[in-house]
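Notes follow the structure.
In listed order, ligands and their atoms are each counted from 1. We're numbering straight along the sequence, starting at 1. What's counted below: heavy atoms across the whole structure, side chains too, no hydrogens, waters or symmetry copies.
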Amino acid sequence: MNTLFSSDVYLNAIETHGYTVIQNALVTELVNDLITDCHRINPHFSLAGIGRLNDLQIDKTIRKDKTFWFDGSSQAQLTYQAIMESIKTTLNRNLFIGLFDYECHYAKYTQGDFYKKHIDAFKGRSNRVFTTVLYLNTPKQGGELVIYKPKSKEVEIVIKPTAGTLVMFESERFAHEVLPAVDERYSIAGWFRKNASISGIIDPPR
Ligand code: OGA
Ligand code: MN
C-alpha cells in the first residue's frame with residue numbers, strides 16, 4: 001500500500017468539519033518519486049490560469065504559481081491517480097455523492113509566488129466538489145495555506161506545507177489562500193468533480 005492512513009480518519013473529519021489535514025499520508029518513496037517527476041518536467045511548468053480551461057486568463061495579481069497538469073507520463077503520476085481514485089470510491093460510498101472524476105496538476109511556487117484568497121468552485125457554476133492538496137517538500141519558510149471559515153473573514157486554520165501532508169476540503173465552502181513563498185514549494189493540487197451535465201449536454205464532452 002502506498003497510503004498510510006485509514007479512511008475513517010478523513011471521512012469523519014470531512015463529515016464534521018468539511019476538511020481534513022493528514023500528515024504523512026503517503027509513503028516517503030512515493031513522495032520522493034513525485035518530486036523527482038516534478039524536476040523531470042521542470043521546463044514544462046507554465047504560468048497558471050484562472051477559470052475554466054476554455055476561458056483561461058492569466059492574471060499575475062491573483063496567482064503567480066506555475067503548474068503542470070498530470071499527463072500520465074510517469075509511474076509516480078499513475079500511482080498517485082490510482083490512490084485518488086480509491087479515495088473517490090470511498091467518498092462516494094460513504095457520503096453518497098456522485099464524484100465521477102479527479103483532475104490534478106503539479107504546482108511550483110518560487111520566492112514571492114502566491115495565490116490570493118479564492119474559492120475553487122462556485123455553486124451552480126462548477127463541478128468541483130472536493131479540493132485536495134498534497135505537499136511534496138517542506139519549505140523552511142513561507143507558502144502557508146490559509147483556510148478561512150465558511151462565509152467569514154476569520155481564519156479556520158493555517159497549514160505549513162510539509163512533505164507528505166494531504167489536505168482535503170469542500171471546494172464550495174472554503175475560501176483559502178497561499179501566502180508568498182520564500183523557499184521553493186512543490187505540491188499537487190487536485191479536484192474531485194461531479195458530473196455537471198445540464199439539459200442533455202455531457203460535461204466533460206466526449
Ligand atoms: C489551488 C490552491 C493551495 C496550496 O491550487 O487552487 O489553492 O496550498 N492551492 O497549494
Ligand atoms: Mn485553491
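Which parts of ligand 1 touch V133 is read off a 4.0 Å heavy-atom cut-off, strictly below it: atoms 3 (C), 4 (C), 8 (O), 10 (O). Taking every non-hydrogen atom of L145 and a distance limit under 4.0 Å, the qualifying atoms of ligand 1 come out as 3 (C), 8 (O). Within the listing of ligand 1, atoms 2 (C), 7 (O) sit less than 4.0 angstrom from a heavy atom of H176.
Among all protein heavy atoms, the one lying closest to atom 5 (O) of ligand 1 is A189 CB, 3.6 Å. The protein atom (non-hydrogen) at minimum distance from atom 9 (N) of ligand 1 is V178 CG2, 4.1 Å. Taking atom 1 (C) of ligand 1 as the reference point, the nearest protein heavy-atom neighbour is Y115 CE1, 3.7 Å. For atom 8 (O) of ligand 1, the nearest protein heavy atom (residue, atom name, distance) is Y135 OH, 2.6 Å.
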- Item | Stepwise side chain to side chain contact (heavy atoms under 4.5 Å, CB included) test for L30 and I83 | CA-CA 11 Å; L30 178 57; I83 290 168; 3.5 Å; yes

- Message: Run E156 and K149 through salt bridge (charged side-chain N to carboxylate O under 4.0 Å, His left out) and show every step you take.
- Response: CA-CA 5 Å; E156 170 74 34; K149 291 186 193 296; 3.5 Å; yes

- Message: For F130 and L95: C-alpha separation, side-chain torsions, deciding distance, then whether side chain to side chain contact (heavy atoms under 4.5 Å, CB included) applies.
- Response: CA-CA 12 Å; F130 286 106; L95 306 179; 4.0 Å; yes

- Task: List the steps, then state whether side chain to side chain donor-acceptor pair (under 3.5 Å) holds for D8 with S6.
- Result: CA-CA 5 Å; D8 294 348; S6 82; 4.6 Å; no

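Under 4.0 angstrom from ligand 1, the non-hydrogen atoms of R185 all belong to its side chain. Contact annotation for D120 and ligand 1: only side-chain heavy atoms (C-beta onward) come within less than 4.0 Å of the ligand. With a heavy-atom cut-off of 4.0 Å, W191 touches ligand 1 through its side chain alone. Residue E177 does not touch ligand 1, judged by heavy-atom distances below 4.0 Å.
For the atom pair Q75 CD and L78 CG, the distance stands at 5.0 Å (nearest 0.5 Å). Note: L179 CG to F114 CZ = 11.0 Å, rounded to the nearest 0.5 Å. Taking CZ from F192 and NZ from K88, the interatomic distance works out to 8.5 Å, rounded to the nearest 0.5 Å.
The shortest distance between side-chain heavy atoms of L99 and T89 does not fall below 4.5 Å. Side-chain contact between Y109 and D65: present, with at least one pair of heavy atoms (C-beta onward) separated by less than 4.5 Å.
The aromatic ring centroids of W69 and H44 lie 6.0 Å or more from each other.
Relative orientation of the Y106 and F70 rings is tilted, given thresholds of 30° and 60° on the angle between their planes.
Around the Mn ion (ligand 2), the protein contributes the following N, O or S atoms under 2.8 Å, ordered by chain and number: H118 NE2, D120 OD1, H176 NE2.
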